[in-house]
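No experiment lies behind these values; they were computed from the predicted model shown. Throughout, protein chains are lettered first and strands after them, A, B, ... in sequence-line order, and every chain is numbered starting at 1.
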Amino acid sequence: QKEVEQDPGPLSVPEGAIVSLNCTYSNSAFQYFMWYRQYSRKGPELLMYTYSSGNKEDGRFTAQVDKSSKYISLFIRDSQPSDSATYLCAMQDSSYKLIFGSGTRLLVRP
Amino acid sequence: KAGVTQTPRYLIKTRGQQVTLSCSPISGHRSVSWYQQTPGQGLQFLFEYFSETQRNKGNFPGRFSGRQFSNSRSEMNVSTLELGDSALYLCASSKSGSNTGELFFGEGSRLTVL
């Protein structure tokens with residue numbers, strides 16, 4: 001079993017829809033939770049990071065962490081075609097390496 | 001401010017050969033991490049260097065090695081290449097490798113092993 005599980009998709013939604021992306025994990029030592037976005041032929045870029053349980057909002061993006069369920073989510077409101085990319089969750093314990101999910105491909109249709 | 005630069009961007013090798021990939025981090029960043037990305041396994045951590053010292057290592061065989069120079073530039077080497085080493089190799093830098101997870105990635109070096 002992988003430490004971080006993420007549905008690979010693809011997830012196809014119409015423009016303007018609310019998108020929900022999720023990851024589950026097994027290691028209770030994870031303390032920091034991140035979402036990265038990766039466009040085709042590019043490196044990942046950090047979208048959001050949160051520490052421990054709770055919500056964090058940044059514009060159209062909301063990250064949610066539920067440590068009791070070992071479950072994290074990224075919500076995208078009013079999705080745009082430019083949001084079409086692969087979204088990777090990542091987690092970190094007290095060491096300095098990130099453990100990534102396999103990524104979910106998102107396609108927002110105009 | 002220049003981003004993370006990786007060279008070469010694309011390369012083709014044959015089984016048994018070796019390869020060296022280079023990474024120049026963002027100016028002022030002292031931590032460099034390397035990741036392997038494949039469609040089947042996703043992003044897998046190779047190793048992390050901070051101030052020329054390997055601070056963390058992933059679960060890859062000894063054929064994968066790296067180093068960091070005094071100017072924070074880093075190289076990784078893969079010896080005795082296997083078909084399964086075909087992947088996108090990503091380098092990421094951060095100021096101190098702190099626990100914010102704020103890594104800045106380069107565009108990667110795409111290695112094809114024939």
> Should A:Val4 and A:Ile72 be regarded as members of a common hydrophobic cluster, given that ILVMFWY residues are connected when their side-chain heavy atoms come within less than 4.5 Å of each other, either directly or indirectly?
Replying inline: yes

> In terms of heavy-atom contacts, does CG of B:Asn59 have more than 12 from other residues, nucleotides or ligands at under 6.0 Å?
Replying inline: no

> Nearest heavy-atom pair of A:Lys2 and B:Gln41: which atoms, and what distance?
Replying inline: NZ-O, 4.4 Å

>> So for A:Leu88, is it side chain, backbone, both, or neither that comes closer than 4.5 Å to the heavy atoms of chain B?
In response: side chain

> Does CZ belonging to B:Arg15 count more than 12 external heavy atoms closer than 6.0 Å?
Replying inline: no

>> Do A:Tyr36 and B:Leu103 have side chains that approach each other closer than 4.5 Å (heavy atoms only, starting at C-beta)?
In response: yes

> Quick one: does A:Gln38's side chain get under 4.5 Å of B:Gln37's, heavy atoms only?
Replying inline: yes

>> Are A:Tyr87 and A:Met48 linked, directly or through intermediate hydrophobic residues, by side-chain heavy-atom contacts shorter than 4.5 Å (ILVMFWY only)?
In response: yes

>> Could you report the tightest heavy-atom contact between A:Leu98 and B:Phe45, atom names first, then the distance?
In response: O-CB, 4.2 Å

>> Testing the basics here: between A:Pro44 and B:Leu43, what is the closest heavy-atom pair and its distance to 0.1 Å?
In response: CG-CD1, 4.0 Å

> Considering residues, nucleotides and ligands other than B:Lys57, do more than 12 of their heavy atoms fall under 6.0 Å from its NZ?
Replying inline: yes

